[in-house]
Amino acid sequence: MKFLSTRGQTPALGFSDAVATGLAPDGGLYLPENLPDFSGSLARFEGLSYPELCFEFLRVFATDIPPETLRALVARSYTRFTDPAIAPLKPLGKNLYVLELFHGPTLAFKDFALQLLGNLYTHQCEVRRQTISVLGATSGDTGAAAIHGLLGRPGTTIFILYPDGRVSPLQERQMTCTGADNVFAIAVDGTFDDAQSALKEIFGDQEFRQRLRLSAVNSINLARVLAQCVYYLYAWLKLPASERGNVEFVVPTGNFGNVLAGWMLQKMGVPIRGFRVATNQNDILYRLFTTGEYRMGDVHPSLAPSMDIQVASNFERFIYFAVGRDPAKVREVMATFKRTGRYAFPNFDRDTFTASRTTDAEIRSIIQRVHRDFGYVADPHTACGFKELSPDRVSIVLSTASPAKFPDTIRDAIGIEPTHPSLEALKTRPIVKHRLKTDPAAIREFIEQHAVKG
Ligand SMILES: *Cc1c(COP(=O)(O)O)cnc(C)c1O
């Protein structure tokens with residue numbers, strides 16, 4: 001299968017090259033040339049284990065990797081999850097389930113994609129007999145998950161920039177207490193946005209980028225979106241047949257990455273009734289799905305920090321479909337948005353998507369209510385999913401992080417401080433971080449010095 005850029009000005013690539021490239025050279029995002037139709041395969045998927053289902057799904061896309069290699073690589077990606085179901089679907093009440101996506105090594109849903117991405121990168125190093133360097137910026141969860149995807153992998157070096165003092169102490173420990181010598185957690189002296197723009201500049205240096213075989217780890221990688229489709233399919237298959245036609249997935253989201261994956265799966269013939277886009281107070285997506293206008297706002301730090309974003313970087317993939325797969329139109333929409341900070345969609349699929357937004361005060365009261373009504377402790381991101389539920393649908397709320405990652409917020413809400421053995425273990429290990437100025441030249445030099453080469 002080939003993958004095209006949403007902006008249509010760069011050649012189509014095979015799966016492995018599209019994954020290695022990340023952002024397309026024309027500034028677009030990669031998408032499958034044609035979406036496969038799984039509606040005839042659903043019976044065949046019944047009862048498969050998570051890794052087997054993931055393999056059966058991905059083999060349709062990753063046609064340039066031999067099937068047995070892909071199967072092994074996928075199996076390895078889910079060995080570090082502590083729940084035997086990998087993504088357990090738990091009934092909470094009438095017409096209500098929670099899909100727990102936090103049983104991976106960093107206790108957030110990003111492990112689903114980044115464990116796989118780590119194995120894909122490692123596989124490429126082996127096939128091409130080349131080293132690679134991976135660079136990303138994070139406000140917390142992505143960096144930790146990316147690091148744990150590549151930890152100790154031969155031939156790879158990973159550099160993660162994060163704003164010093166602005167990620168949670170536990171997130172920082174997940175990045176800095178690994179003990180692995182191919183991991184460099186770089187604490188920069190600016191904000192996440194400063195780190196992000198330094199990173200853009202570094203990736204703009206083509207000579208440097210090619211010489212170090214630098215890959216980006218961010219939420220727009222094709223492999224991430226495809227890996228995330230799988231848990232929607234897995235959850236759907238776990239439902240009783242009578243509920244499958246009426247299910248609404250409720251997705252706490254900021255970058256539109258998670259919900260996009262579910263929506264693409266629906267377009268591939270899995271009969272999902274709809275999606276609820278659950279934002280925190282940073283509500284660009286809520287406003288979009290209620291008014292049809294996509295308009296940039298300021299970011300206000302919230303109790304659900306992994307959803308504190310200003311522009312939803314995966315949204316361009318949705319736009320591509322919304323404008324009838326016309327790359328020229330995508331370029332026009334993106335140019336208008338860049339110039340004016342807004343874009344109004346003339347007609348819009350309001351049937352599939354509903355939206356909610358949740359303030360910090362509501363996050364606290366929802367954590368209390370969910371605990372009282374169901375005896376369930378929801379993390380602050382997951383709490384946004386419980387804001388409003390459609391009474392006439394079966395709701396599956398995606399739980400994107402373990403409450404143990406946000407002990408302060410949970411304690412404030414319900415007086416219980418959740419813990420997790422893997423986080424407790426980190427507290428005894430030394431923090432190894434590298435402090436740098438948010439200066440592209442200094443960061444480039446650091447990478448040059450520390451990247452494993454060959
Ligand atoms: C990253 C993250 C999100 C948001 O994911 P999107 O890709 O923006 O949909 C939600 N919750 C947690 C815990 C996260 O780490």
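Numbering of ligands and ligand atoms starts at 1, following listing order.
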Checklist outcome for this item: When rounded to the nearest 0.5 Å, the distance separating CZ of Arg276 from CZ of Phe353 is 12.5 Å

Next on the checklist: Between Lys405 and Asp141, does any NZ, NE, NH1 or NH2 come within less than 4.0 Å of an OD or OE carboxylate oxygen?
Outcome noted: yes

Item to check | Numbered atoms and elements of ligand 1 in range of Asp141, under 4.0 angstrom, heavy atoms | outcome: 12 (C), 13 (C), 14 (C), 15 (O)

Item to check | Phe109 and ligand 1 - part of the residue with a heavy-atom distance under 4.0 Å | outcome: side chain

Checklist entry - Numbering the atoms of ligand 1 from 1, which are under 4.0 Å from a heavy atom of Gly257? => result 6 (P), 7 (O), 9 (O)

Next on the checklist: For a 4.5 angstrom cut-off between non-hydrogen side-chain atoms, does Asp164 reach Glu172?
Outcome noted: yes

Checklist entry - In ligand 1, which numbered atoms sit nearer than 4.0 Å to a non-hydrogen atom of Gly254? => result 4 (C), 6 (P), 8 (O), 9 (O)

Checklist entry - Can you check whether Ser302 reaches Met307 side chain to side chain, under 4.5 Å on heavy atoms? => result no

Checklist entry - With a cut-off of 4.0 Å, which atoms of ligand 1 are near a heavy atom of Phe256? => result 8 (O), 9 (O)

Checklist entry - Which of the numbered atoms in ligand 1 are below 4.0 angstrom from a heavy atom of Ala401? => result 13 (C)

Item to check | Contact partition for Asn255 relative to ligand 1, non-hydrogen atoms under 4.0 Å | outcome: both

Item to check | For Thr253, atoms of ligand 1 separated by under 4.0 Å from a heavy atom | outcome: 6 (P), 8 (O), 9 (O)

Checklist entry - How does Lys110 reach ligand 1, if at all, at less than 4.0 Å between non-hydrogen atoms: by side chain, backbone, both, or neither? => result side chain

